[in-house]
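Written below as structure tokens is the structure these notes are about.
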Amino acid sequence: MKKKQISFEIEEYLNIYELNDTDKKLVYEAQEATKSAYAPYSNFQVGAAVLLENGEIVRGNNQENSAYPSGLCAERVALFYANSKFPKVPVKAIAICAFHNKKFTSSPIPPCGSCRQVMLETEMRFDSPIRVIMYGSGKIQAINSIKNLLPLNFTGENLNK
Ligand code: THU
């Protein structure tokens, strides 16, 4: 038996002003996206903004449903829309934030497991790493590939082995 360690790098920022201009703009877009979330059940309005290689920014937000599992997270709404509108354009980055109790959360918002899986598919599809910027008013975290958030992942390659 062997034991292995998996480690990855995570960037931490104290506030939005520490971010570079590209990341900052993407976070502002994600914040804007929270305003049109449909979250009457959780009152947790999540916003996501996706930056494409051609410079386009696509926004999404969570869309809830009275039959709870029928709803969808902000990240997947944004990514599916980006991939449906620009099927040949790689995704470079995604920013995520959430508005709750009249303010943005102080902790960064990490994507849920299903959204990580969808981000991974997008990364693999375009063979291009996606930067993930997770915003909180008290701390911002960023990683440079979704593989960092989803190690030991299942991809299309596993279907052929
Ligand atoms: N949600 C997202 O939109 N993204 C996440 O990464 C986590 C959770 C949504 C789903 C649901 O509408 C609400 O937040 C509360 O879980």
Side-chain angles (χ1 to χ4, degrees), residues 6 8-16 18-19 22-52 56-86 89-126 128-155:
I6 301 176
F8 67 93
E9 243 175 40
I10 181 156
E11 298 164 27
E12 289 203 344
Y13 302 87
L14 292 175
N15 57 54
I16 198 164
E18 280 194 352
L19 296 176
T22 310
D23 287 356
K24 205 183 291 167
K25 173 151 176 49
L26 210 55
V27 168
Y28 284 138
E29 294 274 350
Q31 289 182 336
E32 201 57 30
T34 61
K35 293 182 185 164
S36 41
Y38 179 64
Y41 302 103
S42 69
N43 280 313
F44 194 76
Q45 289 144 312
V46 184
V50 168
L51 172 67
L52 301 177
E56 290 273 351
I57 292 178
V58 173
R59 289 182 196 166
N61 43 43
N62 50 336
Q63 298 294 316
E64 296 186 346
N65 193 285
S66 55
Y68 289 5
S70 301
L72 200 63
C73 293
E75 296 91 318
R76 275 176 287 165
V77 169
L79 275 172
F80 287 151
Y81 182 53
N83 290 336
S84 65
K85 195 163 181 215
F86 303 99
V89 187
V91 170
K92 301 301 292 176
I94 183 168
I96 310 157
C97 66
F99 193 83
H100 185 54
N101 289 336
K102 301 190 179 143
K103 55 181 171 45
F104 287 105
T105 61
S106 58
S107 309
I109 298 297
C112 79
S114 299
C115 289
R116 291 176 196 208
Q117 186 69 28
V118 168
M119 287 180 201
L120 176 70
E121 187 78 25
T122 307
E123 229 182 61
M124 302 289 286
R125 169 179 176 170
F126 297 110
S128 172
I130 301 176
R131 178 168 169 80
V132 184
I133 305 142
M134 297 162 276
Y135 175 82
S137 59
K139 180 163 76 180
I140 301 164
Q141 293 175 319
I143 45 120
N144 278 321
S145 166
I146 191 62
K147 285 185 182 141
N148 293 332
L149 289 183
L150 198 62
L152 309 182
N153 45 59
F154 181 86
T155 71

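FYI, side chains are in, hydrogens and waters are out, and symmetry mates aren't considered; it's all heavy atoms of this structure. Order of appearance sets the numbers: ligands from 1, and atoms from 1 within every ligand. Given the structure is predicted, the values throughout are model-derived calculations rather than measurements.
Applying the 6.0 Å contact sphere to NZ of Lys25 captures no more than 12 heavy atoms from other residues, nucleotides or ligands. Heavy atoms of other residues, nucleotides or ligands lying less than 6.0 angstrom from CZ of Phe126 number more than 12.
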| task | Kindly determine whether Ile10 and Asn148 satisfy side chain to side chain contact (heavy atoms under 4.5 Å, CB included), including the steps that lead there. | result | CA-CA 9 Å; Ile10 181 156; Asn148 293 332; over 6 Å; no

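Near ligand 1, residues Ser42, Phe44, Val46, Asn62, Glu64, Cys73, Ala74, Glu75, Pro110, Pro111, Cys112 each place a heavy atom inside the 4.0 Å sphere around the ligand atoms.
In this structure, the side chains of Val46 and Cys73 stay at 4.5 Å or more apart for every pair of heavy atoms.
Looking at residues two or more places apart in sequence or on another chain, you find a ring-ring contact (aromatic ring centres under 6.0 Å, His included) between Tyr68 and Tyr41.
When only modelled atom types and interatomic distance are considered, Gln45 and Asn43 share no side-chain donor-acceptor pair under 3.5 Å.
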